[in-house]
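Below: the structure, in structure tokens.
The figures that follow rest on heavy atoms only: side chains count, while hydrogens, waters and symmetry mates do not. Numbered from 1 within each chain, the chains take letters A, B, ... in sequence-line order. This structure is a prediction, so every number in the text was calculated from the model and none was measured.
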Protein chains: 2
Amino acid sequence: MRLSRRLRQERTETELSGSQFSTLGWISTEGPLTIGRLAELERVTAPSMNRTVNCLVDAGYATRTASPDDGRKVIVSATEAGETIVLETRRRRDAWLAKRFAALTPAERETLAEATTILRRLTDQ
Amino acid sequence: MRLSRRLRQERTETELSGSQFSTLGWISTEGPLTIGRLAELERVTAPSMNRTVNCLVDAGYATRTASPDDGRKVIVSATEAGETIVLETRRRRDAWLAKRFAALTPAERETLAEATTILRRLTDQ
DNA sequence: TGTAACAAATTAGCCTTGCTAAAGATTCCA
DNA sequence: TGGAATCTTTAGCAAGGCTAATTTGTTACA
């Protein structure tokens, strides 16, 4: 929690919020996903995800399309601007972390990588 | 972020929120602290911390006292009820994590412990 | 085939907890 | 002693969780 507050301090005004960026990241790397699936991935309720997607659509970073096979579902895709901002933001955020990471030993970086894997397994249970 | 959302799902209704519990934890283990110091420890602004402390005081888990050496400062201390709930909540939360941790190897647990140390250093810079 | 149950998204409204700006207190120092 | 600095507090805003209820579409079965 404290690390994410610290990272938030590094965010510029024009950037997307944590949830928005994380959600856009999913559809950027996994391809188009439904609201329900995104909610599941972000461990958030469907209404919460719906609002996040609204923000992304309003900002021009994502689009909603009806699912061809099931009219209840909505497919969320990243626009070109969305893909672009994911890459740019990642690059900019990495800059902050990269400075810190540069001060770590390779062994320490490896420890963080392993911890990430373990934590992901814990949350996915 | 996703892990903390997952952990939030394990919280019962009567329990304190994440920020409240974390703040109470500081004064429980570090002893009485000022609002400003708590804000710094939690990486939050003073007004935000002030509100968190209000909640704790209203709930009977903490008390405000004027600093004897500097009238501007306010010392926040844990009440007996506060100390008690920190211990109880920790025990209950640990139960959830403990089940998951039991499934880890000693080496994996060690990796998480090391990662914590490294991350703490990163946030404190 | 018509209808009832179910499923997915959405809307509405609440709460917590960040924030900034500004207002009190109190202290420090020239 | 008066003004700047420091610490807390108040007020008000925004993001982003949540639940409950509504809408729309699908599926199952009598």
Side-chain angles (χ1 to χ4, degrees), chain A residues 1-24 27 32-59 61-77 123, chain B residues 1-24 27 32-59 62-77:
Chain A
M1 283 171 59
R2 285 189 284 275
L3 177 60
S4 64
R5 288 192 203 117
R6 180 67 190 79
L7 279 169
R8 182 166 43 204
Q9 292 169 1
E10 292 299 316
R11 216 166 62 215
T12 69
E13 284 189 11
T14 58
E15 271 182 284
L16 293 168
S17 75
S19 328
Q20 288 169 10
F21 178 73
S22 185
T23 301
L24 189 54
I27 56 179
L33 296 167
T34 64
I35 300 270
R37 180 64 183 138
L38 281 171
E40 196 182 353
L41 288 168
E42 282 293 301
R43 298 200 166 276
V44 146
T45 59
S48 296
M49 182 48 68
N50 187 54
R51 178 163 40 183
T52 300
V53 168
N54 278 340
C55 292
L56 291 175
V57 170
D58 289 350
Y61 296 135
T63 53
R64 272 193 174 81
T65 24
S67 169
D69 57 308
D70 188 336
R72 295 168 301 182
K73 293 186 180 174
V74 163
I75 308 265
V76 185
S77 320
T123 62
Chain B
M1 284 171 60
R2 284 190 285 273
L3 178 59
S4 64
R5 288 192 204 118
R6 180 68 189 79
L7 279 169
R8 182 165 44 205
Q9 292 169 1
E10 291 299 315
R11 217 165 64 215
T12 69
E13 283 188 13
T14 58
E15 271 181 285
L16 293 167
S17 75
S19 330
Q20 288 169 9
F21 179 74
S22 184
T23 301
L24 190 54
I27 58 180
L33 297 168
T34 65
I35 301 271
R37 179 65 182 136
L38 281 171
E40 195 182 354
L41 288 168
E42 282 293 303
R43 298 201 167 275
V44 147
T45 60
S48 296
M49 181 48 68
N50 186 53
R51 179 164 41 184
T52 300
V53 168
N54 278 342
C55 291
L56 291 175
V57 170
D58 289 349
T63 54
R64 270 195 174 81
T65 25
S67 169
D69 58 309
D70 186 338
R72 293 168 302 182
K73 293 186 181 174
V74 163
I75 308 264
V76 186
S77 319

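- The CG-P distance, from A:D69 to D:dT26, rounds to 9 Å in whole Å.
- Note that CD of B:Q20 and CZ of B:R51 are 10.5 Å apart. Values are rounded to the nearest 0.5 Å.
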* To do: Mind running side chain to side chain contact (heavy atoms under 4.5 Å, CB included) on B:R37 and B:V76 for me, showing each step along the way?
  => CA-CA 10 Å; B:R37 179 65 182 136; B:V76 186; over 6 Å; no
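- Closest approach to the A:D70 side chain among D:dT26, D:dT10, D:dG16 is made by D:dT26 (side chain taken as heavy atoms from C-beta onward).
- Rounded to an integer number of Å, the gap from CD1 of A:I35 to C1' of D:dG25 is 16 Å.
- Of the candidates D:dG17, D:dG12, D:dA20, the closest approach to any side-chain atom of B:R51 belongs to D:dG12.
- Each of B:G36 and A:G71 lies near DNA chain D, and the nucleotide nearest B:G36 is the one positioned closer to the 5' end.
- Taking every heavy atom of both residues into account, A:A62 and A:I27 meet most closely at CB-CD1, 4.3 Å.
- B:R37 comes within 4.0 angstrom of nothing in the nucleic acid, heavy atoms only.
- Residue A:R64 contributes atom CZ, which lies 15 Å from atom P of D:dT24 at whole-angstrom precision.
- In this structure, A:L38 atom CG and D:dG16 atom P are separated by 15 Å, rounded to whole Å.
- Residue B:Q20 is in sugar-phosphate contact alone, with no base atom involved, counting any heavy-atom pair closer than 4.0 Å across all strands shown.
- The OG1 atom of A:T45 lies 11.5 Å from the CD1 atom of A:I35; values are rounded to the nearest 0.5 Å.
- Remark: P of D:dA14 and CG of A:L16 are 18 Å apart, rounded to the nearest angstrom.
- The CG atom of A:N50 sits 16 Å away from the P atom of D:dA15 (whole-angstrom rounding).
- Contact between A:P32 and A:I75 at its shortest, heavy atoms only, is CB-CG2, 3.4 Å.
- Following rounding to the nearest Å, A:D58 (CG) and D:dA14 (P) show an atom-to-atom distance of 16 Å.
- Residues A:R64 and A:V57 share a closest heavy-atom pair of NH1-CG2, 4.0 Å.
- At a cut-off of 3.5 Å, with distance as the only test, no side-chain donor of A:E42 or A:T23 sits close to an acceptor on the other residue.
- OP1 and OP2 of D:dG16 both lie 4.0 Å or more from every side-chain N or O belonging to A:T52.
- Rounded to whole Å, the distance from CG on A:N54 to P on D:dG17 is 13 Å.
- The nucleotide range of DNA chain C contacted by chain A, defined by atoms under 4.0 angstrom from heavy atoms of the protein and reported 5' to 3', is C:dA7 to C:dG18.
- For the OP1/OP2 pair of D:dT27 and a distance below 4.0 Å, the side-chain nitrogens and oxygens of A:R72 include no atom meeting the criterion.
- Of the side-chain N and O atoms in A:S48, one or more sit less than 4.0 angstrom from OP1 or OP2 of D:dC18.
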